[in-house]
Amino acid sequence: LSGCRPGAHAETLFGAQTRRPDESGRGTLRACATTRGVDNRFSWSALLRSITLTLLLTATTLAAQLNDAAALRARIQQTFHVPNPLPALETQKQGSFEVEPGLIADRVTYNTQLNLRVPAIVYHPSNTAVKRPAIIIVNGHGGDKYSWYAFYAGILYARAGAVVLPYDPIGEGERNSQHKSGTRAHDKYVPPDENGRWMGGLMMTDIRQATSYLTERPDVDPNRIAVTGYSMGSFVVSWACAVETRLRACAPTAGAVLD
């Protein structure tokens with residue numbers, strides 16, 4: 001714009017200012033803007049085309065990323081032998097009791113991989129006419145649905161208005177009532193190597209089945225389901241959240257080893 005003069009057309013989009021010498025030689029600022037309407041229309045058109053191209057490229061990139069994520073989720077499930085589709089739930093309600101005024105606990109079981117049953121306690125406000133957020137609690141190594149942190153968190157968050165589901169992991173609680181399998185032995189190797197992948201897949205399926213169960217409850221908002229895990233539970237939670245897109249929040253806690 002250094003050559004902008006009175007009567008000249010500065011071909012800019014918004015106009016500009018340039019310094020024009022005055023009699024003192026110090027110079028004054030003079031507005032120099034486009035007067036040719038055709039050039040303005042062309043500039044706006046070019047800008048809109050640029051924005052449209054950027055949006056198209058962004059959408060294409062996002063679509064490719066989503067496809068890559070779906071492929072990765074499928075690969076994780078195959079590696080850990082997670083069934084697809086998931087097993088039918090076949091939910092059974094075993095009874096209910098009042099924890100305190102306004103707070104109910106339901107005893108339920110549902111199906112998981114290998115035709116095993118998962119026992120769970122569901123803490124919730126007594127008013128079931130309201131769609132509420134839900135939290136799945138995954139216990140740590142050696143813990144079950146009656147571990148202090150499981151029922152404490154269940155009652156605490158149910159008091160706050162949520163539906164909370166702690167359950168018995170494989171080999172714990174009612175899934176190993178006589179404790180003969182030695183599941184509390186840390187770092188115990190059980191051959192063959194494939195056992196670890198099958199066990200991890202079963203634990204992931206337990207969480208996904210808990211998610212399916214909660215989506216079917218009339219007092220749960222299916223778009224507000226979260227999961228948290230303690231210790232080993234947080235390790236399993238990290239796997240499950242990598243493949244289960246219905247979980248909207250994932251909170252691994254208390255000593256997860258993720259490397």
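Computed from a prediction, not measured in an experiment: that's the story for all the values here. Heads up: numbering here begins at 1 and tracks the sequence.
- Under the side-chain hydrogen bond (donor to acceptor under 3.5 Å, both in side chains) criterion, Glu174 pairs with Lys145, sequence neighbours left out.
- Applying the salt bridge (Lys or Arg N to Asp or Glu O under 4.0 Å) test to pairs two or more places apart or on separate chains, none has a residue in residues 76-85.
- Residues forming a salt bridge (charged side-chain N to carboxylate O under 4.0 Å, His left out) with Glu194 (at least two apart in sequence, or on another chain): Arg197.
- For the atom pair OH (Tyr213) and CD1 (Ile225), the distance works out to 11.5 Å, reported to the nearest 0.5 Å.
- Gly161 approaches Arg132 most closely through the heavy-atom pair O-CD, 3.1 Å.
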Next on the checklist: Apply side-chain contact (heavy atoms from CB on, under 4.5 Å) to residues Ile136 and Leu247 and explain how you reach the verdict.
Outcome noted: CA-CA 10 Å; Ile136 302 167; Leu247 292 169; 4.2 Å; yes
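- With hydrogens and angles ignored, the 3.5 Å screen pairs a side-chain donor or acceptor of Asn139 with a backbone N or O of Tyr167.
- For Asp221, the salt bridge (charged side-chain N to carboxylate O under 4.0 Å, His left out) test picks out no residue, with sequence neighbours left out.
- In this structure, Tyr146 shares a hydrophobic cluster with Phe97, Val99, Leu103, Ile121, Tyr123, Ile135, Ile137, Trp148, Tyr149, Phe151, Tyr152, Ile155, Leu156, Tyr157, Val164, Tyr230, the cluster being traced through Ile, Leu, Val, Met, Phe, Trp and Tyr side chains under 4.5 angstrom apart.
- Evaluation of the side-chain contact (heavy atoms from CB on, under 4.5 Å) rule for Leu116 yields Thr112, Leu114, Ile170, Arg175, Leu202 as partners, not counting sequence neighbours.
- Applying the side-chain hydrogen bond (donor to acceptor under 3.5 Å, both in side chains) definition to pairs two or more places apart or across chains, those involving residues 96-105 are Lys93-Ser96, Ser96-Asp106, Glu100-Arg159.
- The shortest distance between side-chain heavy atoms of Cys241 and Val227 falls below 4.5 Å.
- Between Thr205 and Pro83 the shortest heavy-atom distance is OG1-CD, 3.4 Å.
- The shortest distance between side-chain heavy atoms of Pro119 and Asp144 does not fall below 4.5 Å.
- Qualifying side-chain contact (heavy atoms from CB on, under 4.5 Å) partners for Thr128, counting only residues two or more places apart in sequence or in other chains: His124, Asp219.
- To the nearest 0.5 Å, the span separating NE2 on His141 from CD on Glu172 amounts to 6.5 Å.
- Nearest heavy atom pair, residue Ser231 against residue Gly140, reads CB-CA, 4.1 Å.
- Under the side-chain hydrogen bond (donor to acceptor under 3.5 Å, both in side chains) criterion, Thr109 pairs with Gln94, Arg117, not counting sequence neighbours.
- Remark: Arg217 CZ to Lys131 NZ distance equals 10.5 Å, nearest 0.5 Å.
- Side-chain heavy atoms closer than 4.5 Å link hydrophobic residues (I, L, V, M, F, W, Y) into clusters, and following such links, even through other members, never connects Val108 to Ile104.
- Partners of Arg248 by salt bridge (charged side-chain N to carboxylate O under 4.0 Å, His left out), not counting sequence neighbours: none found.
- Here the shortest heavy-atom pairing between Val138 and Gly233 reads CG1-CA, 3.7 Å.
- Considering all non-hydrogen atoms of both residues, Gly229 and Thr253 come closest at O-OG1, 2.8 Å.
- A donor-acceptor pair under 3.5 Å is absent between the side-chain atoms of Gln209 and the main chain of Leu89, judged by distance alone.
- Among residues two or more places apart in sequence or in another chain, the salt bridge (charged side-chain N to carboxylate O under 4.0 Å, His left out) test is passed with Arg107 by none.
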Item to check | Worked verdict on Thr228 versus Val237 for side-chain contact (heavy atoms from CB on, under 4.5 Å) | outcome: CA-CA 7 Å; Thr228 185; Val237 160; over 6 Å; no
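- Every residue meeting the side-chain contact (heavy atoms from CB on, under 4.5 Å) condition with Ala240, not counting sequence neighbours, appears here in chain and number order: Ile207.
- Nearest approach of Ala134 to Val220, heavy atoms of both residues: CB-CG1, 3.9 Å.
- A continuous path of ILVMFWY side-chain contacts below 4.5 Å connects Val243 to Leu72, so both sit in one hydrophobic cluster.
- With hydrogens and angles ignored, the 3.5 Å screen pairs a side-chain donor or acceptor of Gln113 with a backbone N or O of His81.
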